[in-house]
There are 2 protein chains.
Amino acid sequence: MTESDRTQTELPNRGQAAVADLISALERVDGQLAAREQRVADYVKANIDSISTMTIAELAGAADVSTPTVIRFCRSLGCDGFKEFKLRLAQNLAVSLQYIQADVGEEPANVENALDHVLAAIYATTNVMRKQLDPRQLEGAKAAIIGCKQLLVAGMGGGSSVLAQEGANRFFRLGITTMAVNDSYILQMRAATLRPDDTLLLFSASGETDAIVAAAKVAGAYGARTICISKPGTRLADVVSIPIVVDLPEDPHIFKPTATRYAFLAILDAIAMSVAYETRDETTENLRRIRSSLTAYHGRTGPQPLGD
Amino acid sequence: MTESDRTQTELPNRGQAAVADLISALERVDGQLAAREQRVADYVKANIDSISTMTIAELAGAADVSTPTVIRFCRSLGCDGFKEFKLRLAQNLAVSLQYIQADVGEEPANVENALDHVLAAIYATTNVMRKQLDPRQLEGAKAAIIGCKQLLVAGMGGGSSVLAQEGANRFFRLGITTMAVNDSYILQMRAATLRPDDTLLLFSASGETDAIVAAAKVAGAYGARTICISKPGTRLADVVSIPIVVDLPEDPHIFKPTATRYAFLAILDAIAMSVAYETRDETTENLRRIRSSLTAYHGRTGPQPLGD
DNA sequence: CCTGATTTGTAATTTAAGTACATTATTTTT
DNA sequence: AAAAATAATGTACTTAAATTACAAATCAGG
């Protein structure tokens, strides 16, 4: 078996689109690499910001391996070669260098510091998200929501249930009949009553929550359109009709809040905004009514966002 | 005069540290380049995102100049050569100048476009927020939450009530007795039962919601510490003991979702993260328990964030 | 319309990336 | 426990890209 055969067969979907975020790819393969490749990985992680300017020979020398090993390492990470690896690393670092270093380094001494960690994570995560998203799926989601008779939004567990709530909140304002659910039994029942012109929107960071996957299956079986905002290659992603999926770098540190929420929220906002523009005539009327009802209620005016 | 002499004398401060931002360097030299170099500049500006993957020969061919001309162009921009030029360009672009330059223009034609609007707003808003925040108030909030016997979190209306929910969610994980409220009557009652060692955390984008302001007053009267995440110069900001306030630019366009939510969420995350670090011993135990209960429930493992 | 400076391209050189294949470890099978 | 198969790794070579030297062409000012 020649070198090129091997990479073709064993890493079929490498290349440009395979991995958008090298840092998380690095985390993912960590520990399951061949011994020498792992050495390269260790060196890269320890000197992450100087890699982009090194030659393959320098890196090989520094990690004390041969140059082909470095190339194999790059391929294991889903890159086409060393050049692509360097380029992608540079792009990733331009955004998240601060974030990575902070993580390796010390814990936040004060709240201001913590805020910088949070912002850096938001920045890095949304950037990665932006690059991974498939525009066609987004358009599909928009269409499925605009056309629907009823939109059911669900998410389980802290983060996702809050997102579901927010989703219902947004679409309701656009005049769409919407409801958020975060009780697994109610979700199951509601999902079973959906019809072909209804849409189910599911949030799940893990993509493996049983209740959510089950709901998607049931709703799909009854012909409803199902959308998920989740992770690729998960049970949920496989079972819905419109998967909006991104593989985001999760900070392994348990104290850090997950930045995935921000990315998902941004996706939701983008879809909602598009839907609003597409249906702007009815929407405007709806928003006007909501605003005037609020004004009547507490007399506030001005360019405030709706609600609080 | 040889080639190397010339670059040495005429462009003395080229190299790594000379130019941080290639895009602006490109603007600066625009128009004062030699004819063929200008052609390269024009091509680069028109195809800026594909340059990083081109070879020097390709770029030379596309701009219809010779390869040395391309190198000279790179040097005119302060780079050491084509390689450095490509690298720096890639880094610059990764930081998505499209967002920084903002002014994303007209209404979004598609969802992808809407997403850019959303991201631009997030970046702009969080940036402004970061600059306005008073670190002392953040520290005050942290202290008030760490020391408290009970934390009551509240917000009214779509956005803020979701934030309150999320707040309760976060702090509960840290072992703090927490509850979120979004019913104005219940809030009023609960606020009235707070004691000096309790803390009330309020979210309000407007800072003028009656129920929230009233709750702050009552809780304060009974000696509880009151924190708000809101807007400066509002009734709410004036009445709480620890005002965390930022005046954020709101997009007047009614279809755009408010980016304030992201800024507030980031503040919440930062405080929660700080609290987590400060109380890390008890917190770790708590998170461990939560994790193992979840694992027992659905058997999932790995570096997943807690909950979903 | 010449002279010196500047710009630009051709061709050669140097450097880096990538490949084929042999060698060495490691596992699996008998 | 030895043999066979498989995987991991390095050496030496090939290919491709970046860079340099130098010569030709162009241009500005007298």
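Electrostatic pairing of A:E139 and A:K142 counts as a salt bridge here, judged by a charged N lying under 4.0 Å from a carboxylate O. B:R39 and B:D64 are joined by a salt bridge, as a carboxylate oxygen and a charged side-chain nitrogen come within less than 4.0 angstrom of each other. Taking the charged nitrogens against the carboxylate oxygens, A:R235 and A:E208 do have a contact shorter than 4.0 Å, which makes a salt bridge. Under a 4.0 Å N-O distance rule, the pair B:D80/B:R75 does not qualify as a salt bridge.
Between B:R36 atom CZ and C:dT6 atom C1' there is a gap of 14 Å when expressed in whole angstrom units. Put simply, CD on B:E37 is 14 Å from P on C:dT6, counting in whole angstrom units. Atoms CZ (A:F73) and P (C:dA17) sit 15 Å apart, rounded to a whole Å.
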Nucleotide N/O of nucleotides 16-19 of chain D paired with protein N/O under 3.5 Å:
unit_1, atom_1, unit_2, atom_2, d
D:dA18, OP1, B:K86, NZ, 3.2
D:dA18, OP2, B:I56, N, 2.5
D:dT19, OP2, B:F82, N, 2.8

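Two rings, from B:F73 and B:F82, have their centers 6.0 Å or more apart.
One can find a donor-acceptor pair under 3.5 Å joining the base of D:dG10 and the side-chain atoms of A:R72.
The two residues A:A270 and B:A114 make their nearest non-hydrogen contact at O-CB, 3.5 Å.
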